[in-house]
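Here is the structure we will look at.
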Amino acid sequence: MTDQEGLDPNDPRPPYQQVANALRAAILTRTLSPGEKLPSGVALASRYGVARMTVQQAIRLLRDEGLVVSRQGSGVFVRQRAERPVGLRPHLERAFGEPNVTVDFAGFSGETLHGAISEPLDQIRAGRLRPDSIRVRLLVPDPARPWALPARVEDLEDSPEFRRRATGIMSRHTLAVVEQVNELRELGLVPDALAEVRVMPSVPMFKVYVLNGAEVFFGYYPVVEHEVALAGEPTRMWDLMGKDTVLLSHAADADPDSMNSQQVSQAVLWFESVWETVARPYEQASS
């Protein structure tokens, strides 16, 4: 990191977010290595030309994201573990600070993405973020095909009634994301904005998010017994519980052969291979 960096006076984001973004980038690109101590609050305030309180707000934001840890009497350090449970929302909001935004999702319903992406889209509508382009692609299971999971507990068979129920949830969340993103283009807020949904012929046992081709968030779906009302009758199902999924993160760094860079490149390769081969455009199923 250089001795004097300063902030962009044309950046509409608050100074503490700009400082947090600069430090986050240094951490994710390994300019600041795992376990390394951050410069003191006084040094960071001088480097970025801000008050110490602004630096403290920025550090608090990074701490909430799990990127740094504070040690009483010692200072603030980059977290040691490269793989860590994370919350998607702050990373997604940061990704929308880039000029060209890409978000690729593969999973069961898109419910978590729908909730997490609403804030940055609201910031664009309010004029606080101004990306030049947005591309959002969502891959979800084809509800018109029988599923191996979720399945009925009694016989491990597919439940058409459950698929009809899941279709409603899937449509509500994925199509809402598509509508919100494409509306930005129609309103003239983002010159080039497009969101699409495609279905794949199998149900994934995991969810994955790829942000700007540089960060990957990955988690497995636990299989749990879940009783739901289907056709007016309580039915026990082996269900995939996305809300219980712990996400692990990987960020590409300067070394293309590093473990993190390989994790990102393989996730991108997997997503592209499914999207361009067996996936097909989503049509709201009536079956």
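Not measured: the values here are computed from a predicted model.
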Ignoring hydrogens and angles, tell me if any N or O in the side chain of N212 forms a donor-acceptor pair with the backbone of A214 under 3.5 Å.
no
Polar side-chain atom of Q262 near backbone of P256 as donor-acceptor pair, under 3.5 Å: yes
Worksheet entry | Any S159 side-chain heavy atom under 4.5 Å of L230 side chain | yes
When you compare the side chain of L44 with that of V19, does any pair of heavy atoms fall below 4.5 Å? no
Apply side chain to side chain donor-acceptor pair (under 3.5 Å) to R63 and S70, showing your working.
-> CA-CA 8 Å; R63 189 186 303 119; S70 298; 2.9 Å; yes
For A106 and M200 the tightest heavy-atom approach is CB-CE, 4.4 Å
Salt bridge (charged side-chain N to carboxylate O under 4.0 Å, His left out) filter on R24, not counting sequence neighbours, yields E65
The reported gap from CZ in F105 to CG in L88 (rounded to nearest 0.5 angstrom) is 9.5 Å
message = Taking the ring of H91 and the ring of F217, is the distance between their centroids below 6.0 Å?
response = yes
Kindly determine whether Q263 and V216 satisfy side chain to side chain contact (heavy atoms under 4.5 Å, CB included), including the steps that lead there.
CA-CA 8 Å; Q263 290 280 2; V216 167; 5.9 Å; no
Side chain to side chain contact (heavy atoms under 4.5 Å, CB included) test vs L121 passes for just one of L129, V181, V190, namely V181
Note: G75 and K37 closest approach over all heavy atoms is CA-CE, 4.1 Å
So if you build clusters from Ile, Leu, Val, Met, Phe, Trp, Tyr with side-chain heavy-atom gaps below 4.5 Å, do V103 and L194 land together? no
Salt bridge (charged side-chain N to carboxylate O under 4.0 Å, His left out) filter on D158, not counting sequence neighbours, yields R163
Grouping I, L, V, M, F, W and Y whenever their side-chain heavy atoms are under 4.5 Å apart, do L156 and F162 come out in a common cluster?
yes
Are the side chains of L38 and I59 in touch, meaning some heavy atoms are under 4.5 Å apart? yes
Minimal heavy-atom distance between A20 and L61, with the atoms involved, is CB-CD2, 3.7 Å
Under 4.0 Å between a Lys/Arg side-chain N and an Asp/Glu carboxylate O for R135 and D104?
-> no
ask   = Quick check: does any side chain N or O of S118 sit under 3.5 Å from a backbone N or O of H114, one acting as donor and the other as acceptor?
value = yes
| query | Quick one: do Y209 and M205 end up in the same hydrophobic cluster if we chain Ile, Leu, Val, Met, Phe, Trp and Tyr together by side-chain heavy atoms under 4.5 Å apart? | reply | yes
Scanning both residues in full, the closest heavy-atom pair of P141 with V203 reads CB-CG2, 3.7 Å
Assess whether a salt bridge exists between R94 and E215, defined as any Lys/Arg side-chain N lying under 4.0 Å from an Asp/Glu carboxylate O. yes
Side chains of Y282 and S171: any donor to acceptor distance under 3.5 Å?
yes
(Q) Could you walk me through whether V78 and L67 satisfy the side chain to side chain contact (heavy atoms under 4.5 Å, CB included) test, starting with their C-alpha distance in whole Å, then the side-chain angles of each, then the deciding distance to 0.1 Å, before giving a yes or no? (A) CA-CA 6 Å; V78 178; L67 291 174; over 6 Å; no
For V224 and M241, the nearest pair of non-hydrogen atoms, with its separation, is CG2-CG, 2.8 Å
Review point. Is there a donor-acceptor contact under 3.5 Å from the side chain of N182 to the main chain of A195?
Key: yes
* Where do R280 and D142 land on the salt bridge (charged side-chain N to carboxylate O under 4.0 Å, His left out) test, with the steps shown first? -> CA-CA 9 Å; R280 61 180 180 82; D142 188 347; 2.7 Å; yes
Within the 4.5 Å heavy-atom criterion, are P143 and R164 side-chain neighbours or not?
no
Please confirm whether the backbone N or O of A43 pairs with a side-chain atom of S40, one donor and one acceptor, at under 3.5 Å? yes
* Asked: In terms of the angle between their ring planes, are W275 and F271 parallel, tilted or perpendicular, with boundaries placed at 30° and 60°?
  -> parallel
Side chains of V68 and I27, heavy atoms from C-beta outward: is any pair under 4.5 Å?
yes
Exercise. Charged N to carboxylate O under 4.0 angstrom, R236 versus E225?
Worked result: yes
CD of E111 to NE2 of H173, rounded to nearest 0.5 Å, is 4.0 Å
* Can you check whether S33's main-chain N or O pairs, donor with acceptor, with E36's side chain at less than 3.5 Å? -> yes
Note to self: Between V197 and V140, is there a side-chain heavy-atom distance shorter than 4.5 Å?
What the structure shows: yes
Do V177 and I117 come within less than 4.5 Å of each other through their side chains, counting heavy atoms only? yes
Worksheet item: Do F206 and W270 make the cut of ring centroids closer than 6.0 angstrom?
Response: yes
Margin query: Treating S265 as the side-chain partner and S261 as the backbone partner, does any N or O pair qualify as donor plus acceptor under 3.5 Å?
Written below: yes
- Task: Could you go through the ring pair (Phe, Tyr, Trp, His ring centres under 6.0 Å) check for W147 and F108 one step at a time?
- Result: CA-CA 12 Å; W147 290 346; F108 191 67; 5.4 Å; yes
The salt bridge (charged side-chain N to carboxylate O under 4.0 Å, His left out) partners of E272 (sequence neighbours excluded) come to R137
task = Give the cluster check for F77 versus V55: same hydrophobic cluster or not, with ILVMFWY residues linked at side-chain heavy-atom distances below 4.5 Å.
result = no
Can V136 and L138 be said to form a side chain to side chain contact (heavy atoms under 4.5 Å, CB included), step by step?
CA-CA 7 Å; V136 179; L138 302 96; 3.9 Å; yes
- Message: If hydrophobic clusters are built from ILVMFWY residues whose side chains come within less than 4.5 Å, do I169 and V199 share one?
- Response: no
Please report the C-alpha distance between E227 and T235 in whole Å, then the side-chain angles of each, then the deciding distance to 0.1 Å, and finally whether the side chain to side chain contact (heavy atoms under 4.5 Å, CB included) criterion is met.
CA-CA 5 Å; E227 185 173 287; T235 304; over 6 Å; no
Query - Test item: I134 and L184 side chains (from C-beta on) under 4.5 Å apart, heavy atoms - result: yes
